[in-house]
Amino acid sequence: MTATLTTTARAGWFTEAEDRLREELTEHFARQVEPHIPAWESAGEIPLRDILTALGERGMLGLRFPVERGGAGHSAWSHVVLAECLGELSSDSVGMSVTVHNDMVAPMIAEAGGPEAVERHLRPALTGRHLLAHAVSEPGAGSDVAAVATTAVPVDGGYRVSGTKQWVIAGMYADAYAVLARLPEAKPPFGYVLLMVPRSAEGVTVGPADPTLGMRAAGVAGSVRLDEVFVPQSDRLGGHGLGLVTQLRQFEPERIVSACRALAIAARLLRDTRARLAERSTFGESVGSRQEIVFRLARLEADIAAARQLAYTGIDRWVAGGDHRTVSAAVKLRSSRLTRRVARECLHLYGAQGQLTEEGVNRAFRDARLFSISTGSDEMMLTALARLNGWADD
């Protein structure tokens, strides 16, 4: 089955076609992914290539990208639908890995890649047979991506890249990495290049990470070492010297999509916790019927609903070509903190059962921690909001 979307007028946030896409994705994940998650998490590995290939065969990857670049030419709302369906899964190792591929790296190729980069990396990525990862973070450069020490020295026909990236989600599964590197003349925000580096290129060495708190099946690469790796100019994304600008522009819409996935996780946790509490009784009374518990869950529900509307407002501005920078930072901050709070509350309400490592709420508690670090930490979002409002210097 192939996802088909039309330009049906919007009665609300989503069109009827996008609602049908949600139904297709929900059914697909319920049959093909969710039943296998306990075994994948236990093994510490997900079959990401198979997951993406199945989505690609159904035409569910890169739906918002231009048709001439292998996409379907639809709007960002289709990517919101996928993000929210991924949030419904009981493993964000799956959700985060698919997001990195489809909404972090692929958009940069679609928007800033030349014809050869599109043919080599984007088109096969949208079939799910070419896996993409984002290799930006370094030992001294996390949220502050301008601090990258990896260098790209211009040579005849391209660049020689040297340096080490770390904490690369899906890095152990990937076929190619989006690598941000500084030129010899780097002076933020200029003097950087963003390059697509194949894992098979001479000089690339990938190593696994030590065990992490969450994302235990996401194939995190502890290091991607680049030793004088030659990258042709045709695999550069954006102009020479404009790599950091290209990267920062990608972060803004991606953070809103990430927020939609985070809020879907929070909503799922509340739903599952209500079901759990309906089964729990203490002192002869259902835990879930107690007013104090009901009110706690209702307040969280209200916070999720409010944050979701903020996220949808951001998507609406993005699609309309408006300024969505403030909304992007605000909803990334709010959704990250809220999802962590919901996970903490739900873990507590589950009682002793929630302490089991393989329990879904326990896994969500671990995985949710990454939202306040990845694609811009809480502190960086606060800094961005202060700067956008003129409360701090750029």
Side-chain angles (χ1 to χ4, degrees), residues 33 36-52 83 86-87 89-106 125 128 130-145 148-150 163-180 196-200 204-226 247 251 254-255 257-258 261-262 265 336 339-340 343 357-358 360 362-378 380:
V33 178
H36 304 289
I37 283 176
W40 294 344
E41 285 283 343
S42 179
E45 184 177 7
I46 60 173
L48 183 57
R49 194 177 306 275
D50 293 342
I51 293 170
L52 288 170
L86 289 170
L89 296 172
S90 63
S91 166
D92 202 42
S93 286
V94 177
M96 185 64 175
S97 298
V98 174
T99 297
V100 167
H101 176 92
N102 193 62
D103 282 292
M104 291 181 69
V105 182
H130 186 66
L131 274 58
L132 307 175
H134 200 219
V136 172
S137 294
E138 297 181 4
S143 294
D144 182 11
V145 294
V148 296
T150 296
T164 299
K165 301 295 183 177
Q166 69 173 10
W167 309 126
V168 181
I169 295 288
M172 299 304 298
Y173 307 136
D175 297 309
Y177 306 94
V179 173
L180 182 67
M196 291 304 304
V197 180
R199 182 174 182 170
S200 60
V204 176
T205 305
V206 181
D210 291 332
T212 55
L213 174 67
M215 300 291 160
R216 295 181 177 179
V220 180
S223 64
V224 176
R225 293 188 174 89
L226 309 164
Q247 178 62 82
F251 278 144
E254 188 271 324
R255 284 167 179 156
V257 175
S258 176
R261 190 177 93 253
I265 291 173
S336 296
T339 302
R340 287 172 52 197
T357 302
E358 296 304 317
N362 191 296
R363 184 184 308 130
F365 177 78
R366 301 191 307 265
D367 288 349
R369 299 294 305 178
L370 188 62
F371 280 108
S372 285
I373 301 173
S374 65
T375 63
S377 65
D378 288 358
M380 289 301 296

Where do R199 and M172 land on the side-chain contact (heavy atoms from CB on, under 4.5 Å) test, with the steps shown first? CA-CA 10 Å; R199 182 174 182 170; M172 299 304 298; 4.3 Å; yes
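- Rounded to the nearest 0.5 angstrom, T375 OG1 and E254 CD are separated by 4.5 Å.
- Although no hydrogens or angles enter the test, the distance criterion places a donor-acceptor pair under 3.5 Å between the side chain of S97 and the main chain of S93.
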Could you please spell out the steps behind the side-chain contact (heavy atoms from CB on, under 4.5 Å) verdict for L226 and Y177? CA-CA 11 Å; L226 309 164; Y177 306 94; over 6 Å; no
For L86 and I265: C-alpha separation, side-chain torsions, deciding distance, then whether side-chain contact (heavy atoms from CB on, under 4.5 Å) applies. CA-CA 8 Å; L86 289 170; I265 291 173; over 6 Å; no
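- The shortest heavy-atom contact between I169 and M215 is CD1-CG, 4.4 Å.
- In this structure, the separation between CZ on R369 and OG on S336 is 11.0 Å, given to the nearest 0.5 Å.
- Here the shortest heavy-atom pairing between V100 and A133 reads CG1-CA, 3.9 Å.
- For R340, the salt bridge (charged side-chain N to carboxylate O under 4.0 Å, His left out) partners two or more places apart in sequence, or in a different chain, are D378.
- Summarising the geometry, atom OH belonging to Y173 is positioned 8.5 Å from atom CD1 belonging to I51; distances are rounded to the nearest 0.5 Å.
- Residue pairs satisfying the side-chain hydrogen bond (donor to acceptor under 3.5 Å, both in side chains) criterion with at least one member in residues 214-225, sequence neighbours excluded, are listed as follows: S223-R225.
- Judged as a ring pair (Phe, Tyr, Trp, His ring centres under 6.0 Å), and not counting sequence neighbours, W167 has no contacts.
- Listed for the K165 side chain is a donor-acceptor partner under 3.5 Å among the backbone atoms of L180.
- Note that the OG1 atom of T212 and the CG atom of L370 stand 8.5 Å from one another [nearest 0.5 Å].
- Atom OG of S377 sits about 10.0 Å away from atom CG of D144, to the nearest 0.5 Å.
- Between the side chain of T99 and the backbone N or O of G95 there is at least one donor-acceptor pair closer than 3.5 Å.
- Evaluation of the salt bridge (charged side-chain N to carboxylate O under 4.0 Å, His left out) rule for R363 yields E41, E358 as partners, not counting sequence neighbours.
- Between the side chain of H101 and the backbone N or O of L132 there is at least one donor-acceptor pair closer than 3.5 Å.
- Partners of D175 by salt bridge (charged side-chain N to carboxylate O under 4.0 Å, His left out), not counting sequence neighbours, listed by chain and number: R49.
- Checking side-chain atoms of D367 against main-chain N and O of D92 turns up a donor-acceptor pair under 3.5 Å.
- In terms of heavy atoms, S90 sits closest to I37 at OG-CG2, 3.5 Å.
- Residues H36 and P47 fail the side-chain proximity criterion, which asks for heavy atoms closer than 4.5 Å.
- With rounding to the nearest 0.5 Å, the separation of NE2 in H134 from OG in S374 is 11.5 Å.
- When all heavy atoms of V148 and V136 are compared, the closest pair comes out as CG1-O, 3.8 Å.
- For A368 against T339, the heavy-atom pair with the smallest separation is CB-CG2, 4.1 Å.
- Residues satisfying the side-chain hydrogen bond (donor to acceptor under 3.5 Å, both in side chains) test with R255, not counting sequence neighbours, are none.
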